[in-house]
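Let me begin by presenting the structure, written as structure tokens, before commenting on it.
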Amino acid sequence: MLEYEFFKSEIGTTYLNIKGKWEGLNELSSCSIDYIEEILDNLTKILKDGIREYDFGFEIYSVECTKEVSKVIDTFDGWKEIGEIATSDIYKLMLDIRELVKNNSVISKKVETSTFNSDKVIGSFFDGEELYPVKDGYFNWLPSDNSVWRNSFIQIYDKSIYIIQENVKVLSTFRFYEKEELEITAKKYNLKIKEENNVFYAFCEPHSMEQFQISENDEFAVIYSLQGSRAPESIFIYKIINKQTI
């Protein structure tokens, strides 16, 4: 049985909290609402015998579903199978995540304009605990508790983007992009393309081993990678794009 709970952080954001063996599935709460609806639509088909198989995931873990059971796969550890969960439990989890994403209020945190005195500083990065000046090529360690750093955001004056939560896509052909679309995006943001096991990834040197992601809202786009041996331990922010100036 898949057990989990929801809790509110000190600044009011609600989080999914799965502990133990299935902790990695917390990353599913970072999916966009459109992707969640797609997942639920296909899980409904699976449970009603409309389709036989379906797989989905976000960054590290893939969930391979049949009507009765779903296998959880760690794609960062040689596609190792973590275990099996009843597909009905996965469906319930995604229903709850949909409500979380729909109802989570965006927390506004004011930043003093003095933060932007340097012409090299673009804005501020909040890692769930502290606020730091940020610019392209920013690197720092993340808080050890993933429920804390999942509240991370970039802020420029009074505008924010929650980079772990808002419309996040991995820059690869594994799930979100066709090859041509990925090449256009990579060229636009001066990234390179590599191929591994017939999957194409966008990257920059010297961070060729990490998966890059892009988070977007109406005002900004942020390209970044989460780095760590078994779980995210640090963040590298490659580029912050202000859509109002391009």
Side-chain angles (χ1 to χ4, degrees), residues 24-43 53-65 70-82 90 94 97 101 136-139 142 146 149-150 152 154 161-217 220-241 243:
L25 294 179
N26 283 309
E27 70 177 18
L28 294 175
S29 62
S30 297
C31 294
S32 69
I33 190 64
D34 289 342
Y35 185 36
I36 292 170
E37 295 289 3
E38 177 186 322
I39 293 168
L40 284 169
D41 180 58
N42 282 289
L43 288 177
E53 299 176 345
Y54 174 65
D55 67 271
F56 69 94
F58 183 65
E59 181 184 3
I60 298 175
Y61 295 91
S62 178
V63 185
E64 300 180 353
C65 307
S70 296
K71 295 180 180 180
V72 179
I73 309 296
D74 184 345
T75 67
F76 273 27
D77 189 16
W79 293 81
K80 177 182 176 182
E81 182 179 326
I82 303 301
I90 293 291
M94 295 311 301
I97 289 176
V101 173
D136 290 347
Y138 172 89
F139 172 86
L142 293 167
N146 66 4
W149 58 256
R150 285 184 181 279
S152 299
I154 298 289
I161 176 168
Y162 283 72
I163 61 174
I164 311 297
Q165 302 177 32
E166 293 193 57
N167 299 319
V168 182
K169 296 180 179 179
V170 178
L171 289 168
S172 80
T173 58
F174 180 70
R175 194 174 307 279
F176 295 105
Y177 290 87
E178 297 296 330
K179 183 172 182 290
E180 182 178 354
E181 183 183 11
L182 183 65
E183 289 174 340
I184 292 171
T185 301
K187 183 177 181 180
K188 181 178 180 180
Y189 297 124
N190 198 29
L191 291 163
K192 298 179 180 180
I193 297 288
K194 66 177 180 179
E195 180 183 3
E196 292 182 1
N197 299 320
N198 297 317
V199 178
F200 293 89
Y201 298 88
F203 73 99
C204 76
E205 298 289 1
H207 302 273
S208 60
M209 300 302 293
E210 285 77 35
Q211 286 192 3
F212 279 78
Q213 303 168 87
I214 184 168
S215 172
E216 296 185 84
N217 62 17
F220 307 115
V222 180
I223 298 173
Y224 67 94
S225 68
L226 299 173
Q227 305 173 5
S229 56
R230 289 286 299 152
E233 299 170 347
S234 62
I235 186 168
F236 171 70
I237 297 175
Y238 170 72
K239 186 176 288 293
I240 303 168
I241 302 99
K243 294 183 177 181

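Only this structure's heavy atoms are used, side chains among them; waters, hydrogens and symmetry mates stay out. For clarity, every value in this text was computed on a predicted model and none was experimentally measured.
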Atom pair [atom1] ([X]) and [atom2] ([Y]), whose distance is rounded to the nearest 0.5 Å:
X: Lys169; Y: Asn167; atom1: NZ; atom2: CG; result: 8.0 Å
X: Asp41; Y: Tyr54; atom1: CG; atom2: OH; result: 8.5 Å
X: Thr173; Y: Asn198; atom1: OG1; atom2: CG; result: 9.0 Å
X: Lys188; Y: Thr185; atom1: NZ; atom2: OG1; result: 7.0 Å

Specify the closest pair of heavy atoms between [X] and [Y], including all atoms of both residues, with the distance to one decimal.
X: Phe200; Y: Leu182; answer: O-CD2, 3.4 Å
X: Leu43; Y: Cys65; answer: CD2-SG, 3.8 Å
X: Leu191; Y: Ala202; answer: CD1-CB, 4.1 Å

Identified side chain to side chain contact (heavy atoms under 4.5 Å, CB included) counterpart of Ser215 within the set Ile164, Val168, Ile223: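 Of all the options given, the one that passes is Val168.
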If you define the side chain from C-beta out and look only at heavy atoms, does anything of [X] sit under 4.5 Å from [Y]?
X: Gln213; Y: Leu226; answer: yes
X: Ile241; Y: Lys239; answer: yes
X: Met94; Y: Ile97; answer: yes
X: Trp149; Y: Pro232; answer: yes
X: Asp74; Y: Glu81; answer: no
X: Ile73; Y: Ile82; answer: no
X: Ser62; Y: Arg175; answer: yes
X: Ile154; Y: Ile240; answer: yes

Would you please test Val72 and Lys80 for side chain to side chain contact (heavy atoms under 4.5 Å, CB included) and show each step? CA-CA 9 Å; Val72 179; Lys80 177 182 176 182; over 6 Å; no
Electrostatic pair Glu183-Lys179, nearest N-O below 4.0 angstrom: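 Salt bridge between Glu183 and Lys179, a charged N being under 4.0 Å from a carboxylate O: yes.
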Verify the ring-centre separation between Phe174 and Trp79: is it less than 6.0 angstrom?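 That pair passes the under 6.0 Å test.
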So, do Phe176 and Tyr35 have ring centers that fall under 6.0 Å from each other?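 Ring-ring flag for Phe176/Tyr35: true, centres closer than 6.0 Å.
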Report yes or no: does [X] contribute a side-chain atom to a donor-acceptor pair with the main-chain N or O of [Y] at less than 3.5 Å?
X: Asn217; Y: Glu166; answer: no
X: Asn42; Y: Glu38; answer: yes
X: Glu27; Y: Ile60; answer: yes
X: Tyr224; Y: Ile163; answer: yes
X: Ser70; Y: Val63; answer: no
X: Ser225; Y: Gln211; answer: no
X: Glu196; Y: Tyr201; answer: no
X: Glu37; Y: Ile33; answer: no

Does the pair Phe212 and Cys204 meet the rule for a side chain to side chain contact (heavy atoms under 4.5 Å, CB included), with working shown? CA-CA 9 Å; Phe212 279 78; Cys204 76; 3.7 Å; yes
Which label fits Tyr238 and Phe236: parallel for a plane angle under 30°, tilted from 30 to 60°, or perpendicular past 60°?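 Ring orientation, 0 to 90° scale: tilted.
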Run Tyr189 and Leu171 through side chain to side chain contact (heavy atoms under 4.5 Å, CB included) and show every step you take. CA-CA 12 Å; Tyr189 297 124; Leu171 289 168; over 6 Å; no
Is the Lys NZ or Arg CZ of Lys194 less than 6.0 Å from the centre of Phe203's six-membered ring, within 45° of the axis?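 Yes, a cation-pi geometry.
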Glu53 atom CD: more than 12 heavy-atom contacts under 6.0 Å: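 Not more than 12 within 6.0 Å, no.
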Test side chain to side chain contact (heavy atoms under 4.5 Å, CB included) applied to Ser234 and Phe139, step by step: CA-CA 7 Å; Ser234 62; Phe139 172 86; 3.4 Å; yes
